[in-house]
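Below is one structure, written out as structure tokens, with a few remarks after it.
First the proteins, then the strands, lettered A, B, ... as listed; each starts at 1.
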Number of protein chains: 2
Amino acid sequence: MSLEVEGADEAQTEAVTKNLVFMAAERLFALHGFQNVSVRDITAEAGVNLASVNYHFGSKDALLFEIFRRRTTELNRERARLLHEANDRHGGKPPVREILAALFIPPLRWMAPENDRRISLQFLIRARSEGTEEIRTILRTDVTHLRRFSDALTAARPDLPDVEVYWRLHFVLGMLHNNRFSEFDRMNALAEGRMGEGDTAALLERMLDFAEAGFIR
Amino acid sequence: MSLEVEGADEAQTEAVTKNLVFMAAERLFALHGFQNVSVRDITAEAGVNLASVNYHFGSKDALLFEIFRRRTTELNRERARLLHEANDRHGGKPPVREILAALFIPPLRWMAPENDRRISLQFLIRARSEGTEEIRTILRTDVTHLRRFSDALTAARPDLPDVEVYWRLHFVLGMLHNNRFSEFDRMNALAEGRMGEGDTAALLERMLDFAEAGFIR
DNA sequence: GTCAGTTTCATACGGCCGTAAGACTGCCCT
DNA sequence: AGGGCAGTCTTACGGCCGTATGAAACTGAC
């Protein structure tokens with residue numbers, strides 16, 4: 001349940017231009033939203049030619065989708081690995097807190113201030129609500145990733161009806177997805193700046209305390 | 001802590017066209033997002049002339065803002081009234097569950113399937129993340145409404161550090177704002193349709209149980 | 001050195017966008 | 001009767017958008 005960063009390399013030296021576009025687009029989409037960023041904005045930010053987007057990705061929609069796909073895969077893989085490790089530690093039946101930690105830790109790692117994946121997380125959160133119809137369809141349809149977690153949770157709380165588990169997982173995901181800049185800033189304004197965003201380790205414990213309490217009850 | 005609907009009239013007979021535009025715009029914005037809906041879409045849906053938006057509201061941005069302002073005011077007023085009633089019932093110091101109920105009940109009332117305010121809630125949730133810079137600034141700046149609730153919560157839990165209250169309120173609002181169609185559909189797909197969206201009274205109790213547990217802990 | 005293949009470049013096209021301008025309509029007030 | 005006016009209509013303008021095209025530049029193999 002630690003937040004230490006682990007080796008996240010990825011060679012990806014192929015096609016410098018394609019990568020410049022990818023990174024610039026992810027950044028701008030995350031900051032301003034899909035519809036508010038034009039292909040011209042992206043190529044200008046990346047310092048490449050206007051036609052690059054359509055040459056390397058096919059279309060603006062396809063670019064968005066590829067970023068979404070890659071980041072989602074990465075996030076899901078990290079989560080699955082942590083859940084797997086929790087399974088190993090507890091003989092295939094980890095307690096609720098460990099399951100929730102596997103769900104929380106990857107995005108919280110990404111969110112750490114010095115982490116350059118911070119923008120990727122903002123992108124994912126945004127794409128979830130503002131994405132293309134294609135993205136929304138996938139989100140609605142492909143729930144295999146979540147199933148691992150709901151299964152683990154029902155195993156950890158066999159006394160709880162399935163439906164109850166789903167609802168509480170729904171609430172927990174709401175907590176998690178609300179961690180975007182603007183919402184945090186709002187609450188921090190209310191707290192007159194005393195919320196201290198930086199400490200992600202403390203945030204993890206806070207979130208686990210809150211979510212676990214709601215789950216164990 | 002009941003969900004019975006109360007008198008929500010509002011005369012609003014002024015300028016039929018203006019109202020048609022208002023309603024059509026709210027609906028389309030809620031369903032498809034601000035950037036994905038054109039002035040032409042709105043006026044077509046409303047069955048009025050293209051120029052109506054600019055004549056009655058000044059601009060598309062101003063239209064969005066006016067819808068946001070009105071719905072926010074209505075929601076905040078309902079919440080404030082419920083909190084006030086809770087105060088009266090408990091001599092100015094209601095327990096956590098009552099405070100959270102004052103926060104949850106208005107949006108849940110709006111969300112009830114037969115309620116025509118359902119679309120207004122979807123609009124508000126969307127505007128919160130996709131709105132204009134002006135809307136985001138207001139959300140970030142104007143926290144007077146939230147202060148009533150954070151004050152009440154710190155009074156109900158004087159042993160808890162202020163900062164802790166803000167964090168937990170942040171989590172609770174995350175739970176609440178995640179109640180959009182798409183997110184629910186996702187979880188309901190995972191539950192194979194067994195989540196039974198319709199019963200908002202049960203949902204209220206479920207949310208209160210979860211949030212209260214996290215707060216009391 | 002040539003040629004095929006890949007990548008970059010400048011440019012343009014058609015389309016939809018938000019907004020403005022000005023003519024027109026109906027209604028009330030005097 | 002007639003003038004004023006709020007509201008509605010048609011139409012068009014300039015602008016930015018995503019994408020397509022074809023030429024130019026580059027790369028490596030032989």
(Q) The side chain of A/Y55 is closest to which nucleotide in this list: C/dT8, D/dT8, D/dT11? (A) C/dT8

Q. In terms of side-chain heavy atoms of B/K60, which of D/dT19, D/dT8, C/dT19 is nearest?
A. C/dT19

Find the distance [X]:[atom1] to [N]:[atom2] and express it as a whole number of Å.
X	N	atom1	atom2	answer
A/N54	D/dT21	CG	P	11 Å
A/K18	C/dT7	NZ	P	9 Å
A/F57	D/dA20	CZ	P	16 Å
A/L50	D/dG18	CG	C1'	9 Å

Q | Check ion pair B/E205-B/R97 (N to O, under 4.0 angstrom) | A | yes

Q | Stepwise side-chain hydrogen bond (donor to acceptor under 3.5 Å, both in side chains) test for B/H170 and A/N188 | A | CA-CA 9 Å; B/H170 180 57; A/N188 205 20; over 6 Å; no

Q: Give every residue pair that meets the side-chain hydrogen bond (donor to acceptor under 3.5 Å, both in side chains) criterion with at least one member in residues 24-51 of chain A, sequence neighbours excluded.
A: A/E26-A/R71, A/E26-A/S120, A/R27-A/E45, A/Q35-B/N36, A/N36-B/Q35, A/S38-A/D41

What protein N or O atoms touch nucleotides 22-29 of chain C N or O atoms at under 3.5 angstrom, if any, and at what distances?
none

Q | Test ring-ring contact (aromatic ring centres under 6.0 Å, His included) applied to B/F184 and A/Y166, A/F171, A/W167, the passing residue | A | A/W167

Are OP1 or OP2 of [N] and a side-chain N or O of [X] less than 4.0 angstrom apart?
X	N	answer
B/N49	D/dG7	no
A/H56	C/dT8	yes
A/S52	C/dC9	no

Q. What class does the angle between the rings of B/F22 and B/F57 fall in, given that below 30° is parallel, 30 to 60° is tilted and above 60° is perpendicular?
A. tilted

Q: Classify the ring geometry between B/F149 and B/H145 as parallel (under 30°), tilted (30 to 60°) or perpendicular (over 60°).
A: perpendicular

Q. Quick check: does any side chain N or O of A/T72 sit under 3.5 Å from a backbone N or O of A/R69, one acting as donor and the other as acceptor?
A. no

(Q) Could you go through A/E133 and A/R136, starting from their C-alpha distance and side-chain angles, then the distance that decides it, and tell me whether this counts as salt bridge (Lys or Arg N to Asp or Glu O under 4.0 Å)? (A) CA-CA 5 Å; A/E133 185 56 41; A/R136 251 173 290 121; 2.8 Å; yes

Q. Counting any heavy atom closer than 4.0 Å, what does A/S59 reach on the DNA or RNA strands: base, sugar-phosphate only, or nothing?
A. sugar-phosphate

(Q) Give the residues of residues 26-48 of chain B touching DNA chain C, defined as any heavy atom closer than 4.0 Å, sorted by residue number. (A) B/V37, B/S38, B/V39, B/R40

Q: State, yes or no, whether a side-chain contact exists between A/L64 and A/E134 at a heavy-atom distance under 4.5 Å.
A: no

